[in-house]
Engineer: 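Just passing along the structure, written as structure tokens.
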Amino acid sequence: MKRIIVLAMAMAMAPAATAQLYKYVDEKGKTVYSDQPPVNLDSKQVNVPAGRASAAAPAAAPKSAVDRDKELEKSRKETRDKADKQAKAAERDQQMEQRCAAARERYAAFAEGGRIYRMNDKGERVYMDDAELESGRERSRREMDEACKKT
């Protein structure tokens, strides 16, 4: 029973166990914080709970050297991965540009007209007739559209 009474009294006194802090400006114009009120100066009383710093958030434990090394290595790996990904994307973009340029050249050759030839099975030049030219123009147009489209 005595323990309950002592505990109840301690709980009742807990709000009163706050630190008193006074804020004032001294003769030199500096702001001063003190636990004692100043003599002959205007001051403001600032109430700060005693356990505020410990109750807000526990202090983070300092990291060990192994943990710091792991974090550093993880950061380096992420940086390398990001650089690799950017390099691959740049290489892919360059290949797409080259493919597009080649497709445009093939289409331009068909679109300009003139005599275009192909090689037959015997390795001889065979000039294309109008139907083959039209077919080649359409095929090269589709290839150009496919190669040059933006994704």
Engineer: How far does OG of S135 sit from CG of D129, to the nearest 0.5 angstrom?
Structural biologist: 10.0 Å
Engineer: For the CD atom of E146 and the CZ atom of R141, what is their distance to the nearest 0.5 Å?
Structural biologist: 13.0 Å
Engineer: So, taking the atom named CD in E105 and the one named CE in M144, what distance separates them when rounded to the nearest 0.5 Å?
Structural biologist: 12.0 Å
Engineer: Under a 4.5 Å cut-off applied to non-hydrogen side-chain atoms, are R118 and E132 in contact?
Structural biologist: yes
Engineer: Show your working on side chain to side chain contact (heavy atoms under 4.5 Å, CB included) between R137 and Y107 and close with a plain yes or no.
Structural biologist: CA-CA 6 Å; R137 186 178 302 120; Y107 177 72; 3.9 Å; yes
Engineer: I need the R80 CZ to S75 OG distance, nearest 0.5 Å.
Structural biologist: 10.0 Å
Engineer: Run the side chain to side chain contact (heavy atoms under 4.5 Å, CB included) check on R106 and R139 step by step: do they pass?
Structural biologist: CA-CA 10 Å; R106 282 190 301 275; R139 185 178 61 248; over 6 Å; no
Engineer: Could you measure the distance from the CZ atom of R76 to the CG atom of D69? Nearest 0.5 Å is fine.
Structural biologist: 8.5 Å
Engineer: Is any side-chain heavy atom of F110 closer than 4.5 Å to one of L133?
Structural biologist: yes
Engineer: What's the separation between atom NZ in K63 and atom CD in E71, rounded to the nearest 0.5 Å?
Structural biologist: 3.5 Å
Engineer: For A147 versus A103, what's the shortest heavy-atom pair and its separation?
Structural biologist: CB-CB, 4.2 Å
Engineer: So does E91 pair up with K88, basic N to acidic O under 4.0 Å?
Structural biologist: no
Engineer: Could you tell me whether D81 and K77 have a side-chain N and a carboxylate O separated by less than 4.0 Å?
Structural biologist: yes
Engineer: Would you call R104 and C100 a side-chain contact if the rule is heavy atoms closer than 4.5 Å?
Structural biologist: yes
Engineer: Should we say atom OH of Y127 is surrounded by more than 12 heavy atoms from elsewhere, each under 6.0 Å from it?
Structural biologist: yes
Engineer: Treat each ILVMFWY residue as a node, draw an edge where side-chain heavy atoms are under 4.5 Å apart, and state whether I116 and M119 are in one component.
Structural biologist: no
Engineer: With a sphere of 6.0 Å drawn around CG of D130, does it hold more than 12 non-hydrogen atoms of other residues, nucleotides or ligands?
Structural biologist: no
Engineer: Please step through side chain to side chain contact (heavy atoms under 4.5 Å, CB included) for the pair T31 and K23, ending with a clear verdict.
Structural biologist: CA-CA 7 Å; T31 302; K23 175 183 175 182; 3.8 Å; yes
Engineer: Could you work out, with side chain to side chain donor-acceptor pair (under 3.5 Å) as the rule, every residue matching E124, not counting sequence neighbours?
Structural biologist: N120
